[in-house]
Amino acid sequence: QVQLVESGGGLVQAGGSLRLSCAASGRTFSSGAMGWFRQAPGKEREFVAAVATIGGFTGYADSVKGRFTISRDNAKNTVYLQMNSLEPEDTAVYYCAVSQGRVPGRRQNDYNYWGQGTQVTVTS
């Protein structure tokens, strides 16, 4: 079993920055892709960003491209999401996920394990 714990969420003004972290423990999949999703109130969970295990390949939702950066530290089994130029529309619960596959997919079904989420609130 894999446990994922997110941290770094909080309240920030528009234009500000936050850095989310997600630490994986247990039966970790060092070869698995990792990703971030988010769910705003009343909306479905959506893809934010993902990163492959090796090679540095990343993918982003159009809504965050150029503002968010995903990275990972395989030695620490941790994935990060640096969020800059935050907008009120970024307000959501952010979830990290890990896949048993190497390809950083954009669908929820591409991932096998999920964290509990961390709240990000951006005020105008």
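By convention here, the first residue in the shown sequence is residue 1.
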Considering all heavy atoms, the nearest Ala49-Leu81 contact: CB-CD1, 4.2 Å
Ser17 and Asn84, any side-chain heavy atoms less than 4.5 Å apart: yes
Verdict with reasoning, Tyr80 to Asp73, per side-chain contact (heavy atoms from CB on, under 4.5 Å): CA-CA 8 Å; Tyr80 306 96; Asp73 184 334; 4.1 Å; yes
Approximate separation, where rounding is to 0.5 Å, of Arg72 CZ and Ser21 OG: 14.0 Å
Tyr113 versus Leu4, closest heavy-atom pair with distance: O-CD1, 3.4 Å
Set of residues satisfying side chain to side chain contact (heavy atoms under 4.5 Å, CB included) with respect to Val122, sequence neighbours excluded: Val12, Ala14, Leu86, Pro88, Asp90, Thr91, Val120
For the student: nearest non-hydrogen atoms of Val93 and Gly117, plus distance: CG1-CA, 3.8 Å
Ring pair (Phe, Tyr, Trp, His ring centres under 6.0 Å) involving Phe37 - partner list, sequence neighbours excluded: Phe47, Tyr111, Trp114
Val103 side chain reached by Asp110 side chain, heavy atoms, under 4.5 Å: no
Partner set under side chain to side chain contact (heavy atoms under 4.5 Å, CB included) for Ala23, not counting sequence neighbours: Thr78
Heavy-atom pair with the smallest gap, counting every atom of Arg67 and Ser63: NH2-O, 2.8 Å
SG-OH distance between Cys22 and Tyr94, expressed to the nearest 0.5 angstrom: 14.5 Å
Over 12 foreign heavy atoms within 6.0 Å of CD, Gln116: no
From Trp36 atom CH2 to Met83 atom CE, the distance as rounded to the nearest 0.5 Å: 8.0 Å
Interatomic distance, Gln82 atom CD to Ile70 atom CD1 [nearest 0.5 angstrom]: 12.0 Å
Salt bridge (charged side-chain N to carboxylate O under 4.0 Å, His left out) partners of residues 8-23, not counting sequence neighbours, each pair once: none
Distance (rounded to the nearest 0.5 Å) between Phe68 CZ and Leu18 CG: 9.0 Å
Check: Arg106 side chain, Tyr60 main-chain N or O, donor-acceptor pair, under 3.5 Å: yes
Side chain to side chain donor-acceptor pair (under 3.5 Å): pairs with one or both residues in residues 4-14, sequence neighbours excluded: none
Minimum-distance pair of heavy atoms, taken over all atoms of Pro104 and Ala50: CB-CB, 3.5 Å
Salt bridge (charged side-chain N to carboxylate O under 4.0 Å, His left out) partners of residues 40-54, not counting sequence neighbours, each pair once: Arg38-Glu46
